[in-house]
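The block underneath contains the structure these notes are about, expressed in structure tokens.
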There are 2 protein chains.
Amino acid sequence: MAITSHDVARLAGVSQPTVSRALRDQWGVSASTRRKVREAARTLGYVPIQAGRTLSTQTSGRIGIVSAELSNPFYPAIIEPVHDELARLGFRTILVTDRGHEPVELEPIIDGSLDGVILTTTDLDSQLPYELRRRGVPFVLLNRDTLQQEYDACVVNNTVGVWDVAKLLLGLDHQRIGAIFGPDTASTGLERRTGFARALERLGASLPNSLTFSGPFSSTTGSQGFQYLWKAKPTAIFCANDVIALGALSEAAALGVRIPKDVTLVGFDNIPMSSWNIFGLTTIGVSLEEMAMTAVGLLTRRMEDTEREVQRVTMQPLLTLRSTHGRPRALEEETR
Amino acid sequence: MAITSHDVARLAGVSQPTVSRALRDQWGVSASTRRKVREAARTLGYVPIQAGRTLSTQTSGRIGIVSAELSNPFYPAIIEPVHDELARLGFRTILVTDRGHEPVELEPIIDGSLDGVILTTTDLDSQLPYELRRRGVPFVLLNRDTLQQEYDACVVNNTVGVWDVAKLLLGLDHQRIGAIFGPDTASTGLERRTGFARALERLGASLPNSLTFSGPFSSTTGSQGFQYLWKAKPTAIFCANDVIALGALSEAAALGVRIPKDVTLVGFDNIPMSSWNIFGLTTIGVSLEEMAMTAVGLLTRRMEDTEREVQRVTMQPLLTLRSTHGRPRALEEETR
DNA sequence: CTATTCTTCGCATACTTATGCATGTCAAGC
DNA sequence: GCTTGACATGCATAAGTATGCGAAGAATAG
């Protein structure tokens, strides 16, 4: 059915290996035969069959990226720059979806169809990194880390991030601070929760359990959490990531709660949607483009040399002040 | 490096073909050898190499889905149900991104690594469908159609949809109706623009050019369009899709324009984000799940029989009334 | 006990591309 | 004119899996 290099060879009057060499501009084929082969390939509309290539070269030019549901806006935001950077380097991106509740299917990752993998949704106790290393599949952790911290990784300094958020809130004189946290099964979830509690404590404030809510990193968690916390009337709420914050913001709108007049809301990650006018979310994060490029860099170096030393990059997040933070209302009225 | 079926064969003391047959539960291998082979495969952690399979069977079990940037929330919303339905049928989904300004790269689609393709971002004059048919790659158009309308497709009845929107707006007594349209290069953009204008006309209203704005299907178009149209003080604005409407909504918030009190806003598609409390977008659309399942059904039938008659499905959209529509302010005050 | 049938397995090969090695050709140098 | 070398090309084969077909063995029938 499909056109093969043999068909091209026949038409050009050369052998199949010559076709292979000519089309890939390899050394050792004369200008005239190259022209003939080119012409024949163009006439037939020849496209090399990927499976043949992969089998022969033991390499596919494809990189997998494991990520959660796309409907969660954080993942498109991180996948897109990764995709672009990989494309720039000549790799194609294959999306492998992680359903969260069940472990990622191993087979499509280790069946030889991927040259490397970028993991964005790793649980702290995930067996996937171990398994990939055992099988010799190059990979890098992006955003989320594992407990052992012994693999190539590019992550955010969550501890510093939440510390800065705590300082921001206390600097605005907030006393009743609440928080909506992510899952403790992810490094981001755990580090942001424990880090934020510790930061408040060290800075002389506290975070009572009653002002705390936890759930998956989804907008639903944000709206449920806000609904729950609002009854306890905090003056500020830290959300463990932007998606949660957007859910909270959305719920606030439904309840008629004004942000930041009635309550301050701060997120984490600085995803593109946070800058939409309707949200204007004050948040902290690193450049996702930079993070993506770094991770891709780590991966390609790992692919070149499987034995090289483990390399880990921790990026320092920066606050982006928009319009969801302010001083507590009581104080604000006092000042007037 | 990797473990092959030959390794399994050696360990189990059988031939390679027997391994192949045993692991796929094929007929003609005794229960005891099957057990031996299973055991050996498990011990070695054998996973069949996909390239070998693909080459041998001329089939990859992978379906491509061509879609635009993931940061545009419409696409995750349509990709996700497609992915799930394909997974249910035992296919893996490969994402092929369409950069919009340049034609989709043909090679990764026709290099034999895909059994079929779902096109979601086809331009009216796209050559891709023609090329795919010529090469014998099964495909189906989803959401967007081509000018010729001669390929398998599952699309929305845009004409009926915009007609219903026009009736809704006129039923609320709106006089000054504006619109933010999508690109005329896509069937959805064109049909919604011409259809809406015609519907208003037939219903005794009109759509002056000054109350019209066009751009790509992005939230930026929505915010720019709203900014532009707002100067002309319309009482209602129809947005050609939800993403545009969300952008408009966001811009309205920034300008302090109250929705629906100051202006009514209606979208098209009914993507999940439209139901977020902060948006509460009144919109029209079909079930994206149903549309996805239908498209996948058309595709699998095409894969089974390349020669079968072209089949096209047009789905009827339904209005979802939320909280961005109302009567014009002037009339509302009059009534009081 | 032979002839027939069925079951189980291996041999050979196909799918397509890439590459090491051998061969052939032609020009330049002595 | 013969040797040497550079260059261009083809042959043979490798990568891993699946399958048609034949052979061998076992079971059944006569």
Side-chain angles (χ1 to χ4, degrees), chain A residues 1-38 40-41 44-62 107-108 110-115 135-137, chain B residues 1-38 40-41 44-62 107-108 110-115 135-137:
Chain A
M1 185 74 223
I3 292 124
T4 75
S5 52
H6 290 96
D7 301 323
V8 178
R10 208 173 311 123
L11 181 61
V14 297
S15 73
Q16 178 271 325
T18 300
V19 171
S20 171
R21 284 188 259 256
L23 293 181
R24 286 175 308 117
D25 277 327
Q26 248 195 16
W27 182 87
V29 37
S30 71
S32 66
T33 24
R34 180 159 303 164
R35 217 176 320 111
K36 269 193 312 188
V37 170
R38 278 262 151 70
L44 296 175
Y46 168 67
V47 171
I49 279 155
Q50 182 59 35
R53 285 217 148 131
T54 302
L55 207 52
S56 182
T57 59
Q58 303 283 71
T59 192
S60 68
R62 294 174 192 218
E107 200 169 309
I110 59 175
D111 66 359
S113 53
L114 298 179
D115 292 348
R135 306 240 174 202
V137 178
Chain B
M1 182 79 221
I3 293 122
T4 74
S5 53
H6 289 96
D7 300 323
V8 178
R10 206 172 311 123
L11 180 62
V14 298
S15 73
Q16 178 272 326
T18 301
V19 172
S20 171
R21 282 189 259 258
L23 293 180
R24 286 176 308 117
D25 278 327
Q26 247 197 16
W27 182 88
V29 38
S30 71
S32 65
T33 24
R34 178 160 306 164
R35 216 176 319 111
K36 269 191 313 188
V37 171
R38 278 261 151 69
L44 296 176
Y46 168 68
V47 171
I49 278 154
Q50 183 59 35
R53 283 215 153 136
T54 302
L55 210 51
S56 182
T57 61
Q58 304 282 69
T59 193
S60 67
R62 292 168 196 222
E107 200 169 309
I110 59 176
D111 67 1
S113 53
L114 298 178
D115 292 350
R135 305 240 174 202
V137 178

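Treat the numbers as computed from the prediction; the structure is a model and nothing was measured. Throughout, protein chains are lettered first and strands after them, A, B, ... in sequence-line order, and every chain is numbered starting at 1.
- One can place CD of A:Q58 at 14 Å from C1' of D:dT13, the figure rounded to the nearest angstrom.
- Contact check of residues 9-20 of chain B against DNA chain C (heavy atom, cut-off under 4.0 Å) returns B:V14, B:S15, B:P17, B:T18.
- The separation between B:L55 atom CG and C:dT17 atom C1' is 8 Å, rounded to whole Å.
- The side chain of B:R21 places no N or O atom within less than 4.0 Å of a non-bridging phosphate oxygen (OP1 or OP2) of D:dA18.
- In terms of phosphate contacts, A:S30 brings a side-chain nitrogen or oxygen within less than 4.0 Å of OP1 or OP2 of D:dT9.
- Under the rule for a side-chain hydrogen bond (donor to acceptor under 3.5 Å, both in side chains), the partners of A:R62 that lie at least two apart in sequence or sit in another chain are B:D111.
- Of the two residues contacting DNA chain C, namely B:A31 and A:T57, the nearest-nucleotide position lying further toward the 5' end is that of B:A31.
- The salt bridge (charged side-chain N to carboxylate O under 4.0 Å, His left out) contacts involving residues 6-19 of chain A comprise A:D7-A:R10, where partners must be two or more places apart or lie in separate chains.
- The structure places CG of B:L55 at 11.0 Å from CD of A:Q50, a figure rounded to the nearest 0.5 Å.
- Straight-line distance from the NE2 atom of A:H6 to the P atom of C:dA14: 11 Å, rounded to whole Å.
- Whole-Å rounding puts the B:D111 CG to C:dA18 C1' distance at 16 Å.
- Heavy-atom minimum distance, B:I110 versus A:V47: CD1-CG2, 3.6 Å.
- Among the heavy atoms of the strands, none lies under 4.0 Å from B:T54.
- Here B:S56 pairs with nothing under the side-chain hydrogen bond (donor to acceptor under 3.5 Å, both in side chains) rule; sequence neighbours left out.
- Going from atom CD of A:Q50 over to atom C1' of C:dT17 covers 10 Å, rounded to whole Å.
- Sequence order on DNA chain D of the closest nucleotides to A:S32 and A:G52 puts A:S32 first from the 5' end.
- Residues satisfying the side chain to side chain contact (heavy atoms under 4.5 Å, CB included) test with A:T33, not counting sequence neighbours, are A:V14, A:V29, A:S30, A:K36.
- Of the listed nucleotides (C:dT7, D:dT19, D:dA18), C:dT7 has the atom at the smallest distance from the side chain of B:W27.
- Interatomic distance, B:L11 CG to B:H6 NE2, rounded to the nearest 0.5 Å: 14.5 Å.
- Side chain of A:Y46, nearest nucleotide from D:dT9, C:dC15, C:dT17: C:dT17.
- Between A:R24 and B:G28, it is B:G28 whose nearest contact on DNA chain C lies nearer the 5' terminus.
- Phosphate proximity of C:dT16 to A:R53: absent, as no side-chain N or O sits under 4.0 Å from OP1 or OP2.
- Side-chain nitrogen and oxygen atoms of B:Q26 include at least one within less than 4.0 Å of the OP1 or OP2 phosphate oxygen of D:dT19.
- Here A:R34 does not reach the OP1 or OP2 of D:dA8: none of its side-chain N or O atoms lies under 4.0 Å away.
- We find that CD1 of A:I49 is positioned 11 Å from P of C:dC15, with the value rounded to whole Å.
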Could you go through residues 17-25 of chain B and list every donor-acceptor pair under 3.5 Å that involves a side-chain atom there, pairing it with any protein atom two or more places apart or in another chain?
unit_1 : atom_1 : unit_2 : atom_2 : d
B:T18  : OG1    : B:S15  : OG     : 3.1
B:S20  : OG     : B:R24  : NH2    : 3.1
B:R24  : NE     : B:S20  : O      : 3.2
B:D25  : OD1    : B:R38  : NH2    : 3.4

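- Here D:dG16 presents its P atom at 14 Å from CG of B:L44, a figure rounded to the nearest Å.
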